[in-house]
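Have a look at the structure below, then the notes.
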Amino acid sequence: MNRSTVTDFVLVGLHHPPELGVPLFLGFLVTYLLTLSGNGIIILAILLDAKLHRPMYWFLCHLSLLDVTISSAIVPRMLAGFLPGSGVISFGGCAAQLFAFHFLGSAECFLYTVMAYDRFLAICRPLRYASLMTRRACGSLALGAWLGGGLHSLLQTGLVFRLPFCGPNRVDSFFCDIPAVLRLACADTALNELVTVVDVGCLALTCLGLILASYGCIAAAVLRMRSAAGRRHAASTCAAHLAVVATYYGPCAFTYLRPGARDPLDGAVAVFYTVITPLLNPLIYTLRNRDMKAALGRLGGRKDVRPR
């Protein structure tokens, strides 16, 4: 009874006038190439510059790798959807895309929490920071983020594709995601929707709560600092991370805490967290971080670049 009669799905893509197909294709292609190059340059700078071999930049390197892979899991198929007759994706390909997206997205959620913890130790426990945030500890925290994302995605993907799919097979989205695929199941999806809200909601709220708690302690520590320069440095160190957290959690909450709902903004919100956010992360961290700007200058051969 659980054997699916659907062998492939059709990704409807973005709803747009036909005359905008070519401009949208070119626009998203440029965005994707900028995402790959921007995050790739950050990874390269961190790996090659010994001055960036610190926990904060180790985690930033993982974040850039996640942005590259999550964008690559979604955008090429999205670009193909702008071409005539290219919206078909196999059943296995749809399952693989859904797994990859939730694996990478939840790993990023865990990584944001780890990065907040790192900033908490650096600012609130400076004397113990080196002994607590060792290379082994950094590796374990990063590995935990990746493994946690994999386990979360296995649960979600297994629950979705245990359902029978007997038609229709048109996915009202530009990629295979839980809300859009569940609408096509030939069975009651109330349990799946409940698990999605509880699982994703608990994951997101727990990570967000830990992040806010970390920054609450950081804010209290900054206010106790006597040096204005110290306060400015601490604030600039944390500002970039807070900015990317804000751009990450808002759109995700809009989509996954209401899986059975439909909204005209669903497509635009999905574009934001699958295409725009991976592009914004390297820009935010590069523009807000003096060490990164100096490292990029050294990578480009400008020996005289130093943070001011």
By side-chain contact (heavy atoms from CB on, under 4.5 Å), which residues pair with T274, not counting sequence neighbours? I74, F101, F174, F175

Between CD1 of I178 and OG of S173, what distance do you get to the nearest 0.5 Å? 12.0 Å

Give a yes/no on whether the SG-to-SG distance for C217 versus C124 is below 2.5 Å. no

Minimal non-hydrogen separation, L279 against T35, with atom names: CB-OG1, 3.4 Å

Would you say the SG of C207 sits less than 2.5 Å from the SG of C109? no

Parallel under 30°, tilted from 30 to 60°, perpendicular over 60°: which one fits the rings of F28 and F82? parallel

With the side chain counted from C-beta on, respond yes when L141 and M133 share a heavy-atom pair under 4.5 Å apart, and no when they do not. yes

Any link between L44 and L33 through a network of hydrophobic side chains (Ile, Leu, Val, Met, Phe, Trp, Tyr) touching at under 4.5 Å? yes

Side-chain touch L121/R128, heavy atoms, less than 4.5 angstrom: no

Derivation and outcome, side-chain contact (heavy atoms from CB on, under 4.5 Å), residues H152 and L203: CA-CA 9 Å; H152 167 81; L203 169 65; 3.9 Å; yes

Side chain T134, main chain A137, donor-acceptor under 3.5 Å: yes

Can you tell me how far CG of D172 sits from CZ of R183, rounded to the nearest 0.5 angstrom? 6.5 Å

Tell me if a side-chain donor or acceptor on N169 pairs with a main-chain N or O of V6 at a distance below 3.5 Å. no

To the nearest 0.5 Å, tell me how far S64 OG sits from I41 CD1. 10.5 Å

For F99, which residues count as a ring-ring contact (aromatic ring centres under 6.0 Å, His included) partner, sequence neighbours excluded? F103

Measure the NZ-OH distance between K51 and Y57 for me, rounded to the nearest 0.5 Å. 12.0 Å

Short side-chain donor-acceptor distance under 3.5 Å, H62 and W146: yes

Grab the two heavy atoms, one from Q156 and one from V195, that are nearest each other, plus how far apart they are. NE2-O, 4.0 Å

Quick check: is F110 connected to V68 through a chain of hydrophobic side chains (ILVMFWY, heavy atoms under 4.5 Å apart)? no

So, the side chain of R125 versus the backbone of A122: is there a donor-acceptor pair under 3.5 Å, distance only? no

Does one hydrophobic cluster hold both M78 and L24, with members joined at side-chain heavy-atom distances below 4.5 Å? yes

Closest heavy-atom contact between V275 and V75? CG2-CG2, 4.0 Å

If we only count heavy atoms from C-beta on, is the Y32 to L36 side-chain gap below 4.5 Å? yes

Judged by atom type as modelled, is there a donor-acceptor pair below 3.5 Å linking the side chain of N39 to the main-chain atoms of P278? yes

Would you sort out whether L65 and I43 count as a side-chain contact (heavy atoms from CB on, under 4.5 Å), showing the intermediate values? CA-CA 7 Å; L65 180 60; I43 294 172; 4.2 Å; yes

With rounding to the nearest 0.5 angstrom, report the CD1 to OG1 distance, I276 to T31. 5.5 Å

Quick one: are C61 and I42 in side-chain contact, heavy atoms under 4.5 Å? no

State the CD1-OG1 distance between I70 and T277, to the nearest 0.5 angstrom. 9.0 Å

Side chain to side chain, D67 and E108, heavy atoms closer than 4.5 Å: yes

Please check if the side chain of D177 supplies one atom and the backbone of P179 the other of a donor-acceptor pair under 3.5 Å. no

I would like to know whether F25 and L29 meet side-chain contact (heavy atoms from CB on, under 4.5 Å); could you show each step before the answer? CA-CA 6 Å; F25 175 87; L29 176 61; 4.2 Å; yes

Could you pull out the closest heavy-atom pair between C94 and V181, with the gap in Å? SG-CG2, 4.1 Å

Side chains of L182 and L163: closer than 4.5 Å at any heavy-atom pair? yes

I'd like to know if the side chain of T69 reaches the main chain of L66, judged simply by a donor and an acceptor atom lying under 3.5 Å from each other, with no hydrogens or angles considered. yes

For T157 against A95, the heavy-atom pair lying closest together: CG2-O, 3.9 Å

Heavy-atom pair with the smallest gap, counting every atom of S106 and G149: OG-CA, 3.1 Å

side-chain contact (heavy atoms from CB on, under 4.5 Å) between I211 and V245: does it pass, once the steps are laid out? CA-CA 9 Å; I211 291 171; V245 167; 4.3 Å; yes

Side chains of V12 and V171: does their closest heavy-atom pair fall under 4.5 Å? no

Answer with yes or no whether the hydrophobic clustering places M56 together with L47; edges join I, L, V, M, F, W, Y residues whose side-chain heavy atoms lie under 4.5 Å apart. yes

Decide yes or no for F59 and C138: does some side-chain heavy atom of the first lie under 4.5 Å from some side-chain heavy atom of the second? yes

Verify same cluster id: W58, F120 (apolar side-chain graph, 4.5 Å): yes

When you look at D118 and Y129, which way does the side-chain hydrogen bond (donor to acceptor under 3.5 Å, both in side chains) test go after all the steps? CA-CA 9 Å; D118 172 67; Y129 180 75; 2.5 Å; yes

Could you check, using the six-membered ring where one of them is a Trp, whether F91 and F161 have ring centers closer than 6.0 angstrom? yes

